[in-house]
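Down below is the structure, laid out as structure tokens.
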Amino acid sequence: MEMLGIWLAVGCTIAIYSFLYKDNVVFKLAEHLYVGLSAGYGFCYAFFKIVWPDLLLPLGRVTVSSLGGTLSEPLSSHENWWLLIPLIFSILILTRFFRRIDWLSKWSFAFIIGTTAGITIPFVTSAYLIKQIVPSLRPLIIVENTLAQSIISSGNAILILIGIGAVLCYFFFSLEQKKTMKVISRIGIYYMMIAFGAAFGYTIMGRASLTIARFQHLVEWGSAKYAYASIVLFFGVTGLVVFTELLSRRGDDNKPSEIPKT
Amino acid sequence: MSNSKQSIHKRYRARWIIFALLAITILASLFIKADFPFPAAQVVQNVYDKIESLPAGSAVVIAFDFSPGAAGELEPMALAMVRHCFKKDLRVIGLTIWDAPAVPIMEDVIKQAATEYQKKDGLDYTLLPFKPGLIYLTMCQDFYLAYPKDYRDQPTRELPVFHGIKNLSDVDYVFDIASLSTIETWIAYGKEKADIELGAACTAVMATDYYPFLQSKQLNGLVGGLGAIAQYETLLQKKERAYQAMIPQSAVHLLIILLIVIGNLIYLKQRKKN
């Protein structure tokens, strides 16, 4: 079973990489398999691990108990009745598919947005705004254990202050960017360019890491232990891409040529 | 052939050359074996030191908030972190808040490390099922309300691994391994409400976004990208996939720098010509 999984993984990896040649049938097959599997897995997991045990099962127990039925597990109380509220709200969202009653879904969205905003705003304001402003307002002269550390910390604080001021000036559109403002804004641009450069460098590292990880697996799975899966499937998938490409080209040749518009 | 068609054809050919060069570079460098010093950055060292400072039996929550698409980059970190916790005899509580497909990855990683260090399910570690949304808030109030059962449908209240834990505040350290924005939500809800000690690992693409949180001490440390993970592996003296990827990584970086220089030279030459 493990071997089958590895062969599938290798086949799908090479099929996805075949996109580097061009968009082709084999790539599309692997792509649809990936999207379909992810969606299917996500749906089943959400239904069987969340909706069923946390919503439908407790409600079902309440219903059985109310109708005088017996339960294998004792029901502590009827406290699970409140679950009807999320159930109703969930069903109301589905009314978007019916034009006449789609306005009902607005109740659910209003509830979701209102609750989320109410919960989120205080936390986010504190975490992202207040807590971020505090370290920006540090003293410029910082005394540490050694002179070198003090110079580095103080230099860092000064650089942060200059950066914040310069970048804010760049985005301050109420004043024309002339003379002093222009110079400060330019410093702001340099700061941003350094930040974008760092982000770009990290992005390259991230993408390269993913490619290297795939290649590490392909090399490992190309050994005799895995029946040379990578080597066999490289030629297999490449052959399939070439074959489907030839077939599609042949199909294009057989198509009746379009009548030129006069 | 018109000039524009010729130019498209040339660009298409150049694309192929770049892909081929990248593939050859990675493949060739994967076979180079070298041992080199790899000093850890302070932000990585902080995470390592935090785990080292925890007494045996402390509880650590490890959030596996990454999808299989980012597993190539973050799975080595997850393995290194779980290994480190088991090495120090810490209790590990694995969970995921972002993505259901992270559950099998979490299971694989924790079970691999548990086998290596002979740790027992329910006693030394546990895995919690995927719960979406603002489950942080429930965790801050009552862990057992948020997760009444573990992944094997066993009541969490009865598991020895949860001994002494009522809510998130009772956990000694939370470490989020994220390929999406869950670090921010852990900061906004977990850190703000429960005042937890929080560390994080993320993909290289996201790393620069989280440096401000280090300065404000909202994160005690950050392991950003495969390079930082290799540093962590070096600290742990378990040089594995991330460390082995550093030679190809360096080779790819050199190649890209070379390509940028060549591209600029070609551009300058063309500009001069025109």
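Chain naming here is simple, since letters A, B, ... match the order of the sequence lines and numbering starts at 1 in each.
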Region of [X] that comes under 4.5 Å of a non-hydrogen atom in chain A:
{"X": "B:Phe19", "value": "side chain"}
{"X": "B:Leu226", "value": "both"}
{"X": "B:Tyr151", "value": "backbone"}
{"X": "B:Gln244", "value": "both"}
{"X": "B:Leu22", "value": "neither"}
{"X": "B:Ala242", "value": "neither"}
{"X": "B:Ser29", "value": "neither"}
{"X": "B:Gln215", "value": "both"}

Task: Residue selection (most heavy-atom pairs with chain A, distance under 4.5 Å) from B:Ala71, B:Pro148, B:Gly225, B:Ala245 - done: B:Ala245
Open item on the list: As an exercise, state the distance from CD of B:Gln218 to OH of A:Tyr128, rounded to the nearest 0.5 Å.
Closed with: 8.5 Å
- [ ] Apply side-chain contact (heavy atoms from CB on, under 4.5 Å) to A:Met205 and B:Val205, showing your working.
- [x] CA-CA 8 Å; A:Met205 189 168 100; B:Val205 179; over 6 Å; no
Open item on the list: Just so I understand: if I count every heavy-atom pair under 4.5 Å between each of A:His217, A:Gln216, A:Lys49, A:Arg214 and chain B, which residue has the most?
Closed with: A:Gln216
Open item on the list: Only pairs of heavy atoms separated by less than 4.5 Å count here; which of A:Gly206, A:Ser209, A:Ala195 has the most with chain B?
Closed with: A:Ser209
Task: Residue pair B:Arg241, A:Glu220: steps toward the salt bridge (charged side-chain N to carboxylate O under 4.0 Å, His left out) verdict - done: CA-CA 12 Å; B:Arg241 209 170 275 278; A:Glu220 188 189 337; 3.2 Å; yes
Please state whether the side chain, the backbone, both or neither of [X] comes within less than 4.5 Å of a heavy atom of chain B.
{"X": "A:Thr120", "answer": "both"}
{"X": "A:Phe215", "answer": "both"}
{"X": "A:Leu218", "answer": "neither"}
{"X": "A:Asp54", "answer": "side chain"}
{"X": "A:Val219", "answer": "side chain"}
{"X": "A:Tyr34", "answer": "side chain"}

Open item on the list: Classify the ring geometry of A:Tyr202 against B:Tyr211: parallel below 30°, tilted from 30° to 60°, perpendicular beyond 60°.
Closed with: tilted
